[in-house]
Amino acid sequence: MEPIKVHIKTLSNNHIEQFIRCPYKFYQQQLLLKKTSIDWKQHVQVTVHQIIKTYYSKPVEYRSNLYVLQLIEKYWRLKPNMFSSPIHYYDVLAKVSDYLLRFLGEKTHVELPLFVFEKYSVYVEEIQSNLSLTIDFAAWTEKSYTVTKFILDDHEEVKNAMKDFIIVFSKQAFQKVPEQIRFYSLLTGETTTYYIATGDYEKAILQLHIVKSVLMEPKHFQKNYASSECENCPLKQECDEEGDVRPTLLV
């Protein structure tokens with residue numbers, strides 16, 4: 001019997017990131033559309049989104065470290081019980097605050113970024129799918145533009161997949177690939193920079209073909225028992241209790 005394949009109409013950066021981190025969680029949330037409480041990382045991402053968006057909505061003369069701290073106080077609604085321990089909670093709060101201050105402090109010269117947490121979609125004929133991307137932060141350079149994505153851990157496979165996704169999306173949406181794609185960790189302050197050449201587009205298309213093929217095959221929706229994502233995951237109990245999964249729905 002021919003195995004059932006998942007039909008992919010729209011591929012988003014969140015789909016790829018979630019699948020790489022945990023195929024089972026991707027299956028439950030994106031294919032079965034199961035409603036679950038969001039974890040602390042998702043809460044932090046939403047909070048950072050609100051802070052940066054609001055920060056750049058103000059004229060340059062109003063932007064300062066004090067203003068960033070005021071925005072953190074206003075938008076930070078996370079509670080210690082969302083984390084593995086109170087120490088973990090305060091450690092994350094301190095690091096995110098520190099590295100957010102550092103990032104925005106280094107970008108004081110950027111009067112008006114090109115994009116700040118803007119979501120766009122575009123159809124890509126080569127892979128016969130729509131791509132949906134939220135651009136965290138993009139700014140003009142002398143020759144082109146750069147794209148920055150904020151991350152909470154340094155997962156090499158996720159960064160490589162996101163880099164290829166952004167290259168293809170940017171070429172299709174803006175007819176020009178970015179000069180650089182940067183990943184800025186809000187828990188370490190480290191930046192990973194990829195310098196993009198025009199020829200990288202073909203390699204990125206090939207990688208997206210592979211990613212799409214993997215996502216279409218139910219056999220790849222296996223539980224990852226060694227995943228660091230399991231800690232505090234809202235699906236941990238049913239993941240432990242359920243057997244094999246057999247996806248049949250559409251993305």
Side-chain angles (χ1 to χ4, degrees), residues 2-27 29-31 114-115 118-138 141 143-185 190-224 226-227 229 245 247-251:
E2 187 72 17
I4 297 173
K5 286 191 175 183
V6 177
H7 178 61
I8 298 176
K9 293 186 294 186
T10 299
L11 190 59
S12 78
N13 57 311
N14 289 333
H15 289 156
I16 295 175
E17 183 172 352
Q18 191 174 40
F19 179 81
I20 292 174
R21 293 183 185 283
C22 180
Y24 179 79
K25 193 173 180 180
F26 169 83
Y27 166 68
Q29 294 185 334
Q30 301 297 339
L31 301 185
L114 184 56
F115 301 112
E118 302 288 350
K119 186 174 183 178
Y120 296 98
S121 295
V122 66
Y123 181 75
V124 180
E125 183 64 35
E126 290 102 317
I127 58 173
Q128 298 184 339
S129 291
N130 289 306
L131 297 188
S132 176
L133 172 68
T134 297
I135 303 176
D136 293 4
F137 183 91
T141 62
K143 298 179 180 178
S144 181
Y145 63 99
T146 63
V147 174
T148 300
K149 179 172 176 56
F150 299 98
I151 58 177
L152 291 171
D153 53 47
D154 290 328
H155 197 303
E156 201 62 39
E157 196 175 355
V158 171
K159 288 189 290 188
N160 277 316
M162 287 299 100
K163 180 254 298 178
D164 292 328
F165 191 96
I166 293 171
I167 289 173
V168 173
F169 181 92
S170 302
K171 177 66 175 176
Q172 292 291 332
F174 313 126
Q175 286 73 57
K176 190 177 181 67
V177 296
E179 184 178 341
Q180 297 176 13
I181 297 174
R182 298 169 178 163
F183 294 87
Y184 183 72
S185 172
E190 294 182 0
T191 300
T192 303
T193 302
Y194 295 93
Y195 296 89
I196 311 303
T198 304
D200 290 336
Y201 178 78
E202 298 304 325
K203 300 175 188 173
I205 279 287
L206 179 60
Q207 289 302 314
L208 273 193
H209 266 299
I210 295 172
V211 169
K212 182 181 175 182
S213 298
V214 170
L215 287 173
M216 291 173 64
E217 290 288 346
K219 65 182 181 182
H220 294 301
F221 293 90
Q222 302 297 318
K223 299 175 182 178
N224 182 2
S227 174
E229 297 297 312
V245 294
T248 58
L249 304 181
L250 304 182
V251 174

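Atom set for the values below is all heavy atoms of this structure, side chains included, hydrogens, waters and symmetry mates excluded. Treat the numbers as computed from the prediction; the structure is a model and nothing was measured. Along the sequence shown, the residues carry numbers beginning at 1.
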Exercise. Side-chain contact, heavy-atom cut-off 4.5 Å: I16 with L208?
Worked result: yes

Seminar exercise, completed: K171 meets the salt bridge (charged side-chain N to carboxylate O under 4.0 Å, His left out) criterion, sequence neighbours left out, with none

Seminar exercise, completed: Distance col, row T148:OG1 vs D136:CG, nearest 0.5 angstrom, shows 8.5 Å

For this session: Measure the shortest side-chain to side-chain distance between I20 and H155 over non-hydrogen atoms and say whether it is less than 4.5 angstrom.
Result: yes

Exercise. Would F137 and K149 count as a side-chain contact (heavy atoms from CB on, under 4.5 Å) if you check the C-alpha gap in whole Å, the side-chain angles of each, and the deciding distance to 0.1 Å?
Worked result: CA-CA 7 Å; F137 183 91; K149 179 172 176 56; over 6 Å; no

For this session: Return the set of residues passing ring-ring contact (aromatic ring centres under 6.0 Å, His included) with Y120 (not counting sequence neighbours), or none when no residue passes.
Result: F115

Seminar exercise, completed: CD1 (I205) and CD1 (I210) are apart, to the nearest 0.5 Å, by 11.5 Å

For this session: If a pair satisfies ring-ring contact (aromatic ring centres under 6.0 Å, His included) and one of its residues is in residues 195-217, list it, with sequence neighbours excluded.
Result: none

Exercise. Rounded to the nearest 0.5 Å, how far apart are OG of S185 and CZ of F150?
Worked result: 11.0 Å

For this session: State, to 0.1 Å, how close K176 and S144 come at their nearest heavy-atom pair, and which atoms those are.
Result: CE-OG, 3.4 Å

Can you give each donor-acceptor pair under 3.5 Å made by side-chain atoms of residues 159-170, sequence neighbours left out, with the distance rounded to 0.1 Å?
unit_1: K159; atom_1: NZ; unit_2: T192; atom_2: OG1; d: 3.0
unit_1: N160; atom_1: OD1; unit_2: Y194; atom_2: OH; d: 3.4
unit_1: N160; atom_1: ND2; unit_2: E156; atom_2: O; d: 3.3
unit_1: S170; atom_1: OG; unit_2: I166; atom_2: O; d: 2.7

Exercise. Pairs in or reaching into residues 118-129: which pass salt bridge (Lys or Arg N to Asp or Glu O under 4.0 Å), with residues at least two apart or in two chains?
Worked result: K53-E118

Problem set entry | Rounded distance [0.5 Å steps], NZ in K212 versus CG in L11 | 8.0 Å

Problem set entry | Within residues 202-211 or reaching into it, pairs that qualify as salt bridge (Lys or Arg N to Asp or Glu O under 4.0 Å) - sequence neighbours excluded | D200-K203

Seminar exercise, completed: Rounded to the nearest 0.5 angstrom, the CD-OH distance for E190 and Y184 is 10.5 Å

